> 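Pasting a structure here, questions to come.
FYI, side chains are in, hydrogens and waters are out, and symmetry mates aren't considered; it's all heavy atoms of this structure. Only a predicted model underlies this, so the values are computations on that prediction, with no experimental measurement involved. Order of listing sets the numbers, starting from 1, for every ligand and every atom in it.
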Amino acid sequence: MTTMPAEHLYTRVATGQEPLPPTGSERLRRDLDGHLDPGLTTPRSVFLRRTAADHWARVRSQLMAASAGDVQVHAAYSIKTNPHPNLLRLAQSSEMLVEAISQQELRRALELGCPPENVVLNGPGKWWPERVPCGPLRAVFCDSLVELEEVSRWLRAGDPVARVVGVRLRPPGLVSRFGIDVLQPTVLGSLVSAVFELPVHVGFGVHFHVPAEVSSVSRRWSIVDKMLRLVTRLQAATGRPVQSLDIGGGWGPDDLVEQLLPRLGELADRAVRSLPQLREVLIEPGRGLAEPTMAMLTRVLEVRPRPGGGRDVLVDAAVSELPEIARHPHRTFLRTAGTGRWGLLGAGPGDILGRSCMESDVLATGVALAADVAVGDYVAVCDAGAYDVSKSYVFGCG
Ligand SMILES: *Cc1c(COP(=O)(O)O)cnc(C)c1O
């Protein structure tokens, strides 16, 4: 994560007319302050309205810039990452699509007013638990040959299913349980036959996903390049033009806005040279969109001086409410009653210990905790809007 610039609260331009737009850290402080209330019970997962709006607006404008060529570029927000209604509403107001992995997610999106033609359906168990009746979806990417054959039968029977029906391909060289491994000799032949059976009125698409565990940006791009060559070969083998290319999610928030989005237009231009009937490039960001939008507010239960100087604090949140705490950096702020102001924690000799009786329940290590920190002070663990929410579990609560 990039570190936030220091103090810009109440900065004004020299002429004194207009306040400068808030910087990220000032916006974040205002968002956090908005949740402080004497009746607030902690730990509490809170939505950061201004921070979220700013991040999504930035992504939206980058998507528009990437769509300047002949190929449309769209993002489909991955609902499973965090199905918070505010995020689904942001997807709609930002003119983004949503990506669902189950019929329950599809139902949820439809209930919140998202039209079926804005839903991309993906993943292995996407028809579970039972099919939601609705108009044709934007795109369906089949995870196996068996599923492709089934969907193809539905289409031939007059069921419109989706405007684009395609396949998920397993990127070569990655260990994955998902998608079709076309490098297996017999698999390619079967896929060619299955695609041949697909009615011509439906667009054909290909999807792949580079998992977040591939953290090196250059490795991610090299997989994308390899997949583009593989999709071109698949198009030649099937004779079926690829109209929709979905490169999945797996990009963190900084990499999304600094690495992927600025180069997406160029990727679309490159893709259409080898896939001349390509109409759209899709991305499926989950963490990249959701992570900065929520924080965990927690309070100090105990202050423990360290023998060598400095101090640790015990807080009322636990790793069960922040299950991703060790997987990616979380900017953490402390608001002491003395200053009444959120300060970003820098490096120092202290730890933030979770309330539960688990060795691994440590929310931050090596942070500088102010000398005036006291019981009842607030700690805000930011960047907790993605899988910290959707994978949280109840633990140690009786
Ligand atoms: C989970 C998932 C995503 C989102 O992944 P992030 O790592 O949150 O960006 C996108 N597409 C598919 C098919 C997924 O299963």
> If the cut-off is 4.0 Å to any non-hydrogen atom of E99, which atoms of ligand 1 fall inside it?
10 (C), 11 (N), 12 (C), 13 (C)
> Does a side-chain N-to-carboxylate-O contact under 4.0 Å join E284 and K80?
no
> Which heavy atom of I325 sits nearest to which heavy atom of H330, and what is that distance?
CA-CE1, 3.5 Å
> Exactly one of V140, L191, D143 should register a side-chain contact (heavy atoms from CB on, under 4.5 Å) with L148. Which one does?
L191
> Checking R29 side chain against W342 main chain: does a donor-acceptor pair fall under 3.5 Å?
yes
> Is there any N or O on G286 that sits under 3.5 Å from an N or O of ligand 1?
yes
> Is ligand 1 less than 4.0 angstrom away from at least one heavy atom of G123?
no
> Does the side chain to side chain contact (heavy atoms under 4.5 Å, CB included) test come out yes or no for D377 and D372, once each step is laid out?
CA-CA 10 Å; D377 284 348; D372 67 337; 5.9 Å; no
> Please find the pair of heavy atoms, one from L278 and one from A271, that lie closest to each other, and give the distance.
CD2-CB, 3.7 Å
> Can you name the atoms of ligand 1, numbered from 1 with element, that are less than 4.0 Å from a heavy atom of T81?
8 (O)
> Within the 4.0 Å heavy-atom shell around G249, which atoms of ligand 1 are there?
9 (O), 10 (C)
> Any N or O on R287 sitting closer than 3.5 Å to an N or O of ligand 1?
yes
> If you define the side chain from C-beta out and look only at heavy atoms, does anything of I283 sit under 4.5 Å from W251?
no
> Polar-atom distance check: H207 versus ligand 1, any N or O pair below 3.5 Å?
no
> Using ring centroids (six-membered ring only for Trp), state whether H84 and F47 fall under 6.0 Å.
yes
> With a cut-off of 4.0 Å, which atoms of ligand 1 are near a heavy atom of H209?
3 (C), 5 (O), 10 (C), 11 (N)
> Which option wins on minimum heavy-atom distance to atom 1 (C) of ligand 1: E291, K80, E213?
K80
> For ligand 1, which atoms have a heavy atom of Y387 less than 4.0 angstrom away?
1 (C), 4 (C), 5 (O), 6 (P), 7 (O), 8 (O)
> Which of the atoms of ligand 1 are close to R168, meaning less than 4.0 Å from one of its heavy atoms?
13 (C)
